[in-house]
Amino acid sequence: NNPSQELTSAFNSNLKAFYFCDIVNECELNTTCPELSTCRNTAASFQCTCLEGSTSNGTDCIDIDECELSPTPCEDTNRTVCVNEEGSFSCEEAPTTTTTT
């Protein structure tokens, strides 16, 4: 046996292990990102990012209630009401009231 060939073979084997050790996509391994987030695979890890319309409270992603913002996102507050939706909101026609005399 040639010691030089054995060393080269061991080096190549270690080099292959180094290059192929991060083929795993952690996002496909039942990695638990919170609801309202997406998982992004990174080198030897993963990152969870809250979806648009939500924000992190440190452990979970929670819906932002745009209707609670000031000023309200609905322009005509006399004719519309803001309805919060997961990740968004909508402006709907306000119910009309009738008065009787």
Indicate, with yes or no, whether the SG-to-SG separation of Cys27 and Cys39 is under 2.5 Å.
yes
Answer yes or no for Cys48 and Cys61: SG-SG distance under 2.5 Å.
no
Any side-chain heavy-atom pair from Thr55 and Ile62 closer than 4.5 angstrom?
yes
Side-chain heavy atoms of Thr49 within contact of Ser37, under 4.5 Å
no
Residue pairs meeting side-chain hydrogen bond (donor to acceptor under 3.5 Å, both in side chains), one or both in residues 60-70, sequence neighbours left out, come to Asp63-Asn84
Between Cys67 and Pro73, which heavy-atom pair has the shortest distance, and what is it?
CA-CD, 4.3 Å
Rounded distance [0.5 Å steps], [atom1] in [X] versus [atom2] in [Y]:
| X | Y | atom1 | atom2 | result |
| --- | --- | --- | --- | --- |
| Thr38 | Phe46 | OG1 | CZ | 12.0 Å |
| Arg79 | Cys91 | CZ | SG | 14.0 Å |
| Ser88 | Leu51 | OG | CG | 12.5 Å |

Would you say Ser90's side chain and Glu92's backbone share a donor-acceptor pair under 3.5 angstrom?
no
State whether the side chain of Asn78 and the backbone N or O of Thr80 hold a donor-acceptor pair below 3.5 Å, judged by distance alone.
no
Counting neighbours of CD on Glu85 that are heavy atoms of other residues, nucleotides or ligands and sit closer than 6.0 Å, is the number greater than 12?
yes
Pairing residues for Arg40 by the side-chain hydrogen bond (donor to acceptor under 3.5 Å, both in side chains) criterion, not counting sequence neighbours:
Gln47
